[in-house]
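The structure appears right after this line, and notes come after that.
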Amino acid sequence: MVAERYLPPWFSVAPMMDWTDHHRTLARLISKHAWLYTEMLAAETIVYQKDNLDRFLAFSPEQHPIVLQIGGNNLENIAKATELANPYGYDEINFNCGCPSPKVAGHGCFGVSLMLDPKFVGEAMSVIAANTNVPVSVKCRIGVDNRDSYNELCKYEKYHGCTGGEEEERKANYTDMVNKYYDLSTSFYEFGWGESFHFAHRWKGESLKESIKRHEHFLALQLGLKPGQKVLDVGCGIGGPLREIARFSSTSVTGLNNNEYQITRGKELNRVVGVDKTCDFVKADFMKMPFPDNSFDAVYAIEATCHAPDAYGCYKEIYRVLKPGQCFAAYEWCMTDSFDPQNKEHQRIKAEIEIGDGLPDIRFSRQCLDALKQAGFEVIWEKDLATESPVTWYMPLDTNHFSLSTFRLTAVGRFCTRNLVKFLEYVGLAPKGSQRVQDFLEKAAEGLVEGGRKEIFTPMYFFLVRKPLSDGQ
Ligand SMILES: C[S@@+](CC[C@H](N)C(=O)[O-])C[C@H]1O[C@@H](n2cnc3c(N)ncnc32)[C@H](O)[C@@H]1O
């Protein structure tokens with residue numbers, strides 16, 4: 001079933017042990033339109049009881065619309081169970097990844113424990129969809145015990161200076177820190193900013209969206225991308241820039257990212273726009289890339305390598321995977337020469353940006369330049385593009401500014417989002433801690449605006465560098 005064609009029902013009666021099967025007729029009398037879910041049936045029960053299926057699967061016609069909920073952790077049985085259920089005419093098949101009962105999630109290793117195995121859930125959904133013509137869906141919870149986002153949030157906060165953390169610890173545990181940050185914040189980014197998680201040089205009269213695209217096209221032009229080339233996007237987020245650059249330049253872009261959730265989301269969005277045949281994602285750390293030497297015709301990074309615990313180590317890896325004679329271009333987050341490390345206010349702003357954006361430490365642009373040269377690159381040109389942006393890059397975050405097109409980022413928009421998140425958390429629809437995540441993202445926004453206004457910070461220190469044709473050339 002194609003997702004765009006399927007509108008989920010407004011009102012459903014969720015599956016509940018000992019209630020939804022026994023009281024379905026009553027529920028139907030109360031509402032003609034509610035979608036009724038069966039209690040979970042293990043795929044094995046359907047498969048092993050195939051001569052006795054009416055007992056488990058039959059229902060009276062007035063119960064439509066009705067959804068069959070299947071549970072299990074064996075793909076073959078899940079496929080077979082779906083096929084056996086088809087003749088009964090359910091309106092949807094739902095796969096259970098939400099049952100917390102110890103019998104199911106503990107012993108049986110399915111139900112909510114499947115939330116820890118998204119790859120299997122993807123495969124299970126594919127086999128269900130391949131064996132039925134009705135819509136398919138997944139039931140999940142908003143967290144798994146001891147692995148919920150609230151625990152992750154508390155651990156994340158402990159990494160940072162303003163909450164007692166140390167820079168060395170952030171650097172030593174950068175993978176854990178950055179992943180926790182993006183697990184917590186990706187949905188907020190996508191909601192507030194869009195699919196590309198970066199700032200942009202902006203002309204007067206240009207919308208934020210247009211400027212973001214042009215910022216990406218600029219990178220493609222600087223790299224001189226040609227149709228058919230193999231390009232690497234280092235720290236690709238959910239792939240907004242990857243899709244734009246791949247379509248703009250007719251190249252095959254590989255997105256490298258260490259965050260599982262972002263990759264899953266990126267793959268889905270690639271499928272929607274149809275670049276999934278030419279572009280892919282690889283889950284790995286950009287400090288240890290799983291690619292052979294000299295693999296790519298071009299490499300770019302947008303506001304991502306600032307997460308590296310050590311710039312030289314990261315640039316050296318990029319140098320290794322780039323073909324000789326080819327180019328690497330990036331937009332780096334940097335402190336400018338106006339930043340005074342002894343100034344208390346400057347220190348506070350830097351710390352706010354670090355906690356709010358999952359960074360171990362923000363480097364000076366001159367340190368990045370030195371690291372590039374040390375890694376072996378020859379520098380073609382470099383410049384802080386923020387210094388020549390007619391509209392400041394931080395304007396969309398500035399609460400003094402109001403815009404309808406970026407309403408969610410304005411003071412009023414953020415006030416509405418804050419209260420909506422508060423409400424959703426209160427009624428249990430958003431995970432515990434959502435409000436605190438929103439708070440530290442707002443703090444980050446304030447730090448970014450102040451850093452931009454004082455010109456001590458830039459998110460667009462641009463450089464174009466080249467790997468020499470042979471070492472020493
Ligand atoms: C600010 S986002 C930018 C994303 C993307 N370039 C864009 O502009 O939409 C930074 C990205 O770097 C990724 N990242 C951070 N540390 C990484 C690492 N060590 N290895 C791979 N990716 C990493 C994060 O997961 C995130 O996707």
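Quantities reported herein were computed from a predicted structural model and do not represent experimental measurements. In listed order, ligands and their atoms are each counted from 1.
Every atom of ligand 1 with a heavy atom of Asn259 under 4.0 Å away is listed here by number and element: 25 (O). Near Cys236, with a cut-off below 4.0 Å to any heavy atom, the atoms of ligand 1 are 4 (C), 5 (C). Heavy-atom proximity to Ser196, at under 4.0 Å, picks out these atoms of ligand 1: 9 (O). Taking every non-hydrogen atom of His198 and a distance limit under 4.0 Å, the qualifying atoms of ligand 1 come out as 8 (O). Near Pro241, the atoms of ligand 1 lying under 4.0 angstrom from a non-hydrogen atom of the residue are 7 (C), 8 (O), 9 (O). Per-residue contacts place Asp285 under 4.0 angstrom from the following atoms of ligand 1 (heavy atoms of the residue considered): 18 (C), 19 (N), 20 (N). Counting atoms of ligand 1 from 1 in the listed order, those under 4.0 Å from a heavy atom of Gly237 are 4 (C), 5 (C), 27 (O).
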Go through Lys213 and Phe248 one step at a time and tell me if the side-chain contact (heavy atoms from CB on, under 4.5 Å) criterion holds. CA-CA 10 Å; Lys213 283 191 183 208; Phe248 179 70; over 6 Å; no

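Judged by distance alone, the side chains of Glu92 and Ser137 do bring a donor and an acceptor atom under 3.5 Å apart. Between the side chains of Trp203 and Glu210, no donor N or O sits under 3.5 Å from an acceptor N or O.
By the 4.0 Å heavy-atom criterion, Ala284 is counted among the residues contacting ligand 1. Heavy-atom distances between Glu303 and ligand 1 reach below 4.0 Å in at least one pair.
When the options Ala304, Gly235, Gly255 are ranked by their closest heavy atom to atom 6 (N) of ligand 1, first place goes to Gly235.
Between Phe197 and ligand 1, at least one pair of N/O atoms sits closer than 3.5 Å. Considering both main-chain and side-chain atoms, Phe286 comes within under 3.5 Å of ligand 1 through a nitrogen or oxygen pair.
Remark: side-chain polar atoms of Lys283 are not paired, donor with acceptor, to backbone N or O of Glu260 under 3.5 angstrom.
By the criterion of a heavy-atom distance under 4.0 Å, the side chain of Gln262, and not its backbone, is placed next to ligand 1.
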Taking only distance into account, with no hydrogens and no angle test, what donor-acceptor pairs under 3.5 Å do side-chain atoms of residues 269-281 form with protein atoms, sequence neighbours excluded?
{"unit_1": "Asn270", "atom_1": "OD1", "unit_2": "Arg243", "atom_2": "NH1", "d": "2.8"}
{"unit_1": "Thr278", "atom_1": "OG1", "unit_2": "Val275", "atom_2": "O", "d": "3.3"}
{"unit_1": "Asp280", "atom_1": "OD1", "unit_2": "Thr254", "atom_2": "OG1", "d": "3.0"}

Report all side-chain donor-acceptor pairs from residues 115-129 shorter than 3.5 Å, counting only partners two or more places apart or in another chain.
{"unit_1": "Asp117", "atom_1": "OD1", "unit_2": "Phe120", "atom_2": "N", "d": "3.3"}
{"unit_1": "Lys119", "atom_1": "NZ", "unit_2": "Glu123", "atom_2": "OE2", "d": "3.3"}
{"unit_1": "Ser126", "atom_1": "OG", "unit_2": "Gly122", "atom_2": "O", "d": "3.0"}

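Ring pair Tyr319/Phe328: centre-to-centre distance not below 6.0 Å.
Only one option out of Leu464, Ile302, Asp233 pairs with Leu219 in a side chain to side chain contact (heavy atoms under 4.5 Å, CB included); it is Ile302.
Relative to the ring axis of Phe296, Lys230 places its NZ or CZ within 45° and under 6.0 Å from the centre.
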